[in-house]
Amino acid sequence: MKQRINVVLREEPQEQRVIVAGWVRTRRDTGTFSFLEVNDGSCLANLQVIADSSLANYEEEIKRLNTGCSVIVTGVAKKSPAKGQNVEVHADTIEVVGWADPENYPLQKKRHSFEFLREISHLRPRTNALGAVARVRSRLAWAINSFFQERGFFQVHTPIITTSDCEGAGEMFQVTTAREAGAAKGTHEEFFGRKAGLTVSGQLQAEVYALALGNVYTFGPTFRAENSNTSRHLAEFWMIEPEMAFCDLACNMELATDMLKYVLSDVVENCSEDMALFDSFIEKGLLAKLRSVIEKDFAHLTYTEAVDKLIASKKKFEFPVKWGIDLQSEHERYLCEELFGCPLIVTDYPATIKPFYMRVNDDGKTVAAMDILVPGIGEIVGGSQREERYEVLERRMLEAGIELEEYRWYLDLRKYGSVPHAGYGLGFERLVQFVTGMANIREVIPFPRTPGFAPC
RNA sequence: UCCUCGGUAGCUCAGUAGGUAGAGCAGGUGGCUGUUAACCACCUUGUCGGCGGUUCGAGUCCGUCCCGGGGAGCCA
C-alpha cells in the first residue's frame with residue numbers, strides 16, 4: 001500500500017516497509033549510492049531516499065534522475081544517521097514513472113521569483129512556497145466550513161449566473177450565447193430572455209435563504225470585470241458570505257471576529273510546518289502577528305470617530321480627511337497599522353458612500369455598515385445590517401436609480417415576515433494572503449485571472 | 001484606468017560617453033565525498049520584450065504597443 005510522505009516522516013522509523021510515490025526534488029551522488037529528495041505534496045518536507053548502486057537500474061536510470069522526475073520507491077524506513085532528517089528510506093526498488101528533461105524543465109533546485117513561477121502556473125505548485133500555499137488554502141476552506149457548520153449555519157449555493165445587476169459591487173462579466181460581439185442586442189435572443197452575467201456577490205440571494213433557514217453562508221466564486229491591476233484584486237475570486245436573520249450590526253461584528261480568530265487558530269495549529277516556512281521566508285514575524293490577532297480584541301471605531309482620529313493625527317494625507325468622504329488606503333493604513341496595530345472594525349459609514357441595502361441608522365445620515373481592516377491587506381471583510389423596512393429600502397433603491405421591477409423579489413422579503421438581518425463578505429484570497437504573508441494575491445489562488453491574463 | 005520603475009542566456013542580474021554582449025546559478029562531461037542550496041575542474045547557451053524611427057553604426061537615443069514590479073483608484 002502506497003503511503004503519503006507526511007505519514008512516513010511522522011512515524012518512528014523501525015525498519016518498516018514503505019512504498020512512496022512522488023517527484024524528485026534533487027539528487028546527490030556519493031561513492032557507492034545516491035541520495036534522492038522525494039516530495040509527494042503531502043507536506044513541505046522531502047523524504048530522503050537512499051538509492052544504493054546495487055539497484056538494478058542504478059547506472060541506467062537512478063543516476064539520470066533529476067528535479068521533476070516522478071518515481072515510486074519501495075524500501076525500508078530507518079533512523080537517519082545524519083543531521084537534517086529523522087527518517088530516511090533505504091530503497092529496494094525505484095521505478096521511474098516519468099522523466100523531466102533537465103534541459104527543458106523550467107523548475108530548478110533553487111529559488112525562483114514568484115513573477116516567473118506565475119508564468120508556469122501548471123508547474124508552480126511543485127515548489128515549496130506554492131505547495132504550502134495550496135495546503136494552507138485548503139485547510140482554511142475546511143476551517144471556514146467547520147466554523148459555520150459547528151454553529152448551525154447552512155451552506156447555500158447561490159447562483160453563479162445572475163440577472164441581478166448593479167448590486168453596487170462593480171462591473172459584471174456578461175454571459176451570452178451570442179457568437180459575435182454586439183450580436184446579443186437584437187439579432188440573437190438572449191438565452192435567459194434577459195441580460196445575464198457572472199455574479200459579483202451572492203448576498204441578495206443569501207438573504208432569501210437567511211429569511212427561511214435563519215443562518216446561512218455561501219462560499220463560492222465571484223467575478224468582477226473591473227480593470228484592477230493590484231496585488232489585492234482578481235477578476236475571479238472566492239468569497240464567503242454569511243447572512244443571519246434576527247441579527248443586528250453588533251451580532252454581525254461578533255460573528256466576523258469569532259470567525260477570523262477561529263480560522264487563524266486552526267491554521268496556526270494544523271499547518272505548523274507550512275506556516276513556519278512563511279514565517280521565516282515570506283513574512284518575518286508572521287506567526288507573532290497571527291497569534292496577536294487571535295488573542296487581542298479587535299479595535300472598533302465608528303466612521304465618525306475614525307475621521308476625528310485622522311484629523312487629530314495632524315498627518316499630511318494625500319487625500320484630506322473630511323466627514324463624508326470614503327476612507328482612502330492611506331487613511332485605513334494609518335488607523336490599522338500605525339494607530340492600533342491590530343485588526344480594526346470601522347462601522348456606521350455615511351449613507352451616501354454605501355450601497356442601497358445597508359440599514360439606515362436613526363441619525364438618517366449613516367448606515368449600519370462595517371468594514372474589518374487588517375494590517376498589510378486593508379479591507380478583508382465588508383458587511384452591514386440590511387435594511388429590513390420596506391418603505392426605507394424602496395426609497396433608497398429609487399435614490400440609487402434602481403429599477404424596482406427587477407427587484408420585486410428582494411422587496412418582497414421586506415413585505416412578508418421581514419426581520420432585522422445582517423451579513424458580510426469575506427474575500428477568501430485576501431484571507432489566504434493575510435495568513436501566509438504572500439505579497440501578491442495572484443500567488444494565493446491556483447490559477448489567477450486578471451486583466452489580460454487567463455492562460456489555462 | 002492613472003503615476004512610477006523595469007523587460008539582456010533556462011533562472012537572477014551586470015553592461016561604462018551609442019562601436020554587433022558578460023557574471024553567478026541551472027544544464028552537460030569528468031572527479032570526489034553519509035550528502036542535504038553538496039563540493040572541485042572543464043564546456044554549451046542569446047531574434048538584448050514587439051514594431052517603427054534617428055544614426056555610417058542602437059542593448060544603449062526617440063515614438064508606440066505588450067508584459068511585470070511598486071503606488072493609487074475600484075473593491076473582497
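Small disclaimer: the values here were computed from a predicted structure and weren't measured. So you know, we letter chains A, B, ... as the sequences are listed, proteins then strands, and number each from 1.
- Residue A:Asn229 is in base contact, counting any heavy-atom pair closer than 4.0 Å across all strands shown.
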Discussion item. Let's test your reading of the pairing rules: Watson-Crick or G-U wobble, both distances under 3.5 Å, then write RNA chain B as a dot-bracket string with ( ), [ ], | and dots.
Written reply: (((((((..((((.....[..)))).(((((.......))))).....(((((..]....))))))))))))....
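- Atom CZ of A:Arg111 is surrounded by 12 or fewer heavy atoms from other residues, nucleotides or ligands within 6.0 Å.
- Atom CG in A:Leu65 sits roughly 13 Å away from atom P in B:G27 (whole-Å rounding).
- Heavy atoms of A:Arg27 sit nowhere under 4.0 angstrom from any nucleic acid atom.
- Contact between the side-chain N/O atoms of A:Arg118 and the OP1/OP2 oxygens of B:G69 is found at a separation under 4.0 Å.
- Going from atom NE2 of A:His331 over to atom P of B:C75 covers 15 Å, rounded to whole Å.
- Across all strands, A:Glu318 comes closer than 4.0 Å to no nucleic acid atom at all (heavy-atom distances).
- The backbone N or O of A:Gly202 lies less than 3.5 Å from a partner atom in the side chain of A:Glu241, making a donor-acceptor pair.
- Applying the 4.0 Å criterion to OP1 and OP2 of B:G69, one finds that A:Asn440 has a side-chain N or O inside that range.
- Phosphate proximity of B:C13 to A:Arg111: absent, as no side-chain N or O sits under 4.0 Å from OP1 or OP2.
- Taking atom CZ of residue A:Phe33 and atom C1' of nucleotide B:A38, one finds them 13 Å apart after rounding to whole Å.
- For A:Tyr410 and A:Tyr357, the gap between ring centers reaches or exceeds 6.0 Å.
- At a threshold of 4.0 angstrom between heavy atoms, the contacts of A:Tyr105 with the nucleic acid are absent.
- One atom, NE2 of A:His90, and another, C1' of B:U35, lie 12 Å apart when rounded to the nearest Å.
- A:Leu431 comes within contact range of no nucleotide atom at all, as no heavy-atom separation falls under 4.0 Å.
- Nearer to the 5' terminus of RNA chain B, by closest-nucleotide assignment, is the contact made by A:Gly452 (compared with the other of A:Phe237 and A:Gly452).
- When side chains are defined from C-beta on, A:Val89 does not count as touching A:Lys78, because their heavy atoms never get closer than 4.5 Å.
- Distance from the side chain of A:Gln48 is smallest for B:U35 among the nucleotides B:U12, B:U35, B:A76.
- If you check distances only, the side chain of A:His233 does reach the base of B:C75 with a donor-acceptor pair under 3.5 Å.
- Counting any heavy atom pair closer than 4.0 Å across all strands shown, A:Ser113 reaches sugar-phosphate atoms only and no base atom.
- Taking atom C1' in both B:G59 and B:U1, one finds a spacing of 31 Å when rounded to whole Å.
- The distance between atom CZ of A:Phe173 and atom C1' of B:C74, rounded to the nearest whole Å, is 14 Å.
- Distance A:Met438 CE to B:G69 P: 12 Å, rounded to the nearest Å.
- Distances were taken from every side-chain heavy atom of A:Arg224 (C-beta onward) to each of B:G71, B:A76, B:G34; the shortest belongs to B:A76.
- Remark: A:Arg64 is not in phosphate contact with B:G28, judged by side-chain N or O atoms under 4.0 Å from OP1 or OP2.
- With rounding to whole Å, A:Phe223 atom CZ is found 16 Å from B:C75 atom C1'.
- When the side-chain nitrogen and oxygen atoms of A:Arg28 are compared with OP1 and OP2 of B:A38, one or more of them lie within a distance under 4.0 Å.
- Annotation for A:Lys309: atom NZ does not count as buried by contact number, only 12 or fewer foreign heavy atoms lying within 6.0 Å.
- Toward the 5' end of RNA chain B, the nearer of the two residues A:Thr26 and A:Met239, judged by each one's closest nucleotide, is A:Thr26.
- Considering A:Phe428, A:Phe148, A:Phe147, A:Phe153 in turn, A:Phe428 is the only one that fulfils the ring pair (Phe, Tyr, Trp, His ring centres under 6.0 Å) rule with A:Phe219.
- A heavy-atom distance below 4.5 Å is found between the side chains of A:Ser313 and A:Tyr334.
- When the C1' atom is compared between B:U16 and B:C75, the two are found 47 Å apart, to the nearest whole Å.
- The side chain of A:Glu103 approaches B:G28 more closely than any other nucleotide in the set B:G28, B:A72, B:C11.
- The shortest distance between the side-chain N/O atoms of A:Lys109 and the OP1/OP2 oxygens of B:A38 is below 4.0 Å.
- Applying the salt bridge (Lys or Arg N to Asp or Glu O under 4.0 Å) rule to pairs touching residues 338-347 of chain A yields A:Lys315-A:Glu338, sequence neighbours excluded.
- Looking at heavy-atom distances under 4.0 Å, A:Gln85 makes contact with a base.
- For A:Gln108 against B:G10, a side-chain N or O and a base N or O form a donor-acceptor pair under 3.5 Å.
- Using a 4.0 Å heavy-atom distance criterion, A:Glu332 is classed as making no nucleic acid contact.
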Side-chain donor-acceptor pairs of residues 317-326 of chain A under 3.5 Å, sequence neighbours excluded:
from	atom 1	to	atom 2	distance (Å)
A:Trp323	NE1	A:Thr304	OG1	2.9

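- Looking at the side chain of A:Lys110, the nearest of the listed nucleotides B:C25, B:G73, B:G34 is B:C25.
- Of the side-chain N and O atoms in A:Ser228, none sit less than 4.0 angstrom from OP1 or OP2 of B:C75.
- Judged by distance alone with a 3.5 Å cut-off, no donor-acceptor contact links the side chain of A:Asp29 to the base of B:U33.
- As a whole-Å value, the separation of A:Leu107 CG from B:G10 C1' is 11 Å.
- Checking side-chain atoms of A:Asn57 against main-chain N and O of A:Glu60 turns up no donor-acceptor pair under 3.5 Å.
- A donor and an acceptor atom never sit less than 3.5 Å apart when one is taken from the side chain of A:Glu330 and the other from the base of B:G71.
- Here A:Gln328 lies in heavy-atom contact (under 4.0 Å) with sugar-phosphate atoms only.
- Among the protein residues, A:Thr67 comes within range of no part of the nucleic acid, since none of its heavy atoms lies under 4.0 Å from any strand.
- Here A:Pro102 lies in heavy-atom contact (under 4.0 Å) with sugar-phosphate atoms only.
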Practice prompt. Please lay out, stage by stage, how A:Gln85 and A:Ser80 fare under the test side-chain hydrogen bond (donor to acceptor under 3.5 Å, both in side chains).
Written response: CA-CA 6 Å; A:Gln85 63 282 316; A:Ser80 180; 2.9 Å; yes
